[in-house]
Amino acid sequence: MTAVYIRRAPDTSGRPAHWSDHALCRTAADPEEFFPMGSGGVKATQQIEDAREFCFSCPVRMACALDALTNRWDWGVWGGLDETQRRRIIRRGPATDLEKAAKAEWSAWASRRSNPLFEAYAKRTEQEADGHVRWTIKSTSITVRGRVFTAAQLAFEIGYGRRPEGHVRATCGRGHCVAPEHLADNLIRWQRDHSAAA
């Protein structure tokens, strides 16, 4: 009996990109920071607030929150939403627009934090089913606390927690998308170009 060997090319494609590849929590020193023990008490409350604050600057916050809501994750802070907030959204019923509900929870939290940039963004954007975010007003710029932003600049600063360097462009192929995770400034594009060349 002769052995038959089948030759196959190695799988070099890897797995498809996933929102979690861009999650800031992947860089956290201790993942347990996002899973506070209990929901009451000063220590747990502070841990929840710290996790939300960390999530607030994450470029994939919406995708994370929607994943947690869709899959009904019970524990931890996901996409800036804690267990209580997620339960409140889910209790609204299956007809609930999860994205709008998540934005409402974020807006409530942001107003407590008094972040005018996030509030301006949340009021003027709408997430589309395919992960892109649409600017919903005709004006392509907005003034927040005396600073003028284009929609992309505003989304970038919220998503990355810093002012953009140079032009902000969508990297997803949709020129007018303002999803923070789909945006890059000159610095990010330069870093991507140089890491690809290495």
Side-chain angles (χ1 to χ4, degrees), residues 14-94 96-123 125-133 154-164 171-172 178-184 188 191:
R15 69 173 178 78
H18 188 263
W19 64 263
S20 62
D21 296 338
H22 304 288
L24 287 181
C25 58
R26 292 174 67 100
T27 65
D30 182 9
E32 294 299 315
E33 295 171 356
F34 300 94
F35 298 92
M37 297 302 288
S39 58
V42 175
K43 186 175 180 181
T45 301
Q46 186 59 52
Q47 193 175 357
I48 290 168
E49 287 302 311
D50 290 347
R52 282 185 187 148
E53 187 73 33
F54 193 93
C55 292
F56 188 75
S57 59
C58 183
V60 293
R61 182 179 62 244
M62 177 60 83
C64 180
L66 290 176
D67 205 5
L69 288 164
T70 303
N71 294 303
R72 297 185 185 245
W73 296 342
D74 292 328
W75 309 109
V77 175
W78 296 90
L81 299 175
D82 66 23
E83 300 135 9
T84 304
Q85 291 171 309
R86 290 195 307 275
R87 280 194 294 272
R88 187 170 33 241
I89 292 169
I90 290 169
R91 274 195 303 258
R92 293 178 188 164
T96 301
D97 181 338
L98 296 179
E99 180 191 325
K100 284 184 181 177
K103 281 186 178 182
E105 290 292 340
W106 287 341
S107 291
W109 182 67
S111 65
R112 288 193 307 269
R113 291 180 62 245
S114 301
N115 185 325
L117 298 182
F118 181 76
E119 232 173 84
Y121 179 80
K123 287 180 182 176
T125 57
E126 186 173 283
Q127 181 129 6
E128 297 174 346
D130 54 2
H132 300 282
V133 175
L154 179 65
F156 183 92
E157 190 160 327
I158 289 167
Y160 292 93
R162 65 174 176 84
R163 291 183 181 193
T171 60
C172 60
V178 292
E181 63 268 26
H182 294 175
L183 299 175
I188 291 173
Q191 289 171 336

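Any value given below was found using the heavy atoms of this structure, including those in side chains, with hydrogens, waters and symmetry copies removed.
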**Q** Mind checking whether Arg26 and Asp21 have side chains closer than 4.5 Å, heavy atoms only?
**A** yes
**Q** State, to 0.1 Å, how close Leu117 and Ile158 come at their nearest heavy-atom pair, and which atoms those are.
**A** O-CD1, 3.3 Å
**Q** Report the distance from atom OG1 of Thr171 to atom CD of Glu181, rounding to the nearest 0.5 Å.
**A** 9.0 Å
**Q** Atom CD1 in Ile89, atom OG1 in Thr84: separation rounded to 0.5 Å?
**A** 11.0 Å
**Q** One pair to check against side-chain contact (heavy atoms from CB on, under 4.5 Å): Arg87 and Ile90. What are the steps and the verdict?
**A** CA-CA 5 Å; Arg87 280 194 294 272; Ile90 290 169; 5.8 Å; no
**Q** Keeping the roles fixed (side chain from Arg86, backbone from Leu81), state whether a donor-acceptor pair exists under 3.5 Å.
**A** yes
**Q** Roughly how far apart are Phe156 CZ and Ile188 CD1, rounded to 0.5 Å?
**A** 4.0 Å
**Q** Using atom types as modelled and distance alone, determine if a side-chain donor or acceptor of Thr70 lies under 3.5 Å from a backbone N or O of Asp67.
**A** no
**Q** If you measure from CG on Asp50 to CZ on Phe34, what distance do you get to the nearest 0.5 Å?
**A** 9.5 Å
**Q** Roughly how far apart are Cys64 SG and His22 NE2, rounded to 0.5 Å?
**A** 13.5 Å
**Q** Does any N or O in the side chain of Gln47 come within less than 3.5 Å of the main-chain N or O of Glu32, such that one atom is a donor and the other an acceptor?
**A** yes
**Q** What pair of heavy atoms forms the shortest contact from Phe35 to Trp78, and how long is it?
**A** CZ-CZ2, 3.6 Å
**Q** Which value, rounded to the nearest 0.5 Å, describes the distance between Leu24 atom CG and Arg61 atom CZ?
**A** 10.0 Å
**Q** Quick check: does any side chain N or O of Glu83 sit under 3.5 Å from a backbone N or O of Gly76, one acting as donor and the other as acceptor?
**A** yes
**Q** Mind running side-chain contact (heavy atoms from CB on, under 4.5 Å) on Tyr121 and Val133 for me, showing each step along the way?
**A** CA-CA 11 Å; Tyr121 179 80; Val133 175; 3.5 Å; yes
**Q** Regarding Arg52 and Glu49, does a basic nitrogen lie under 4.0 Å from an acidic carboxylate oxygen?
**A** yes
**Q** Between Val60 and Ala23, what is the shortest heavy-atom contact and its length?
**A** CG2-CA, 3.6 Å
**Q** Does CZ in Arg163 sit with more than 12 non-hydrogen atoms of other residues, nucleotides or ligands closer than 6.0 Å?
**A** no
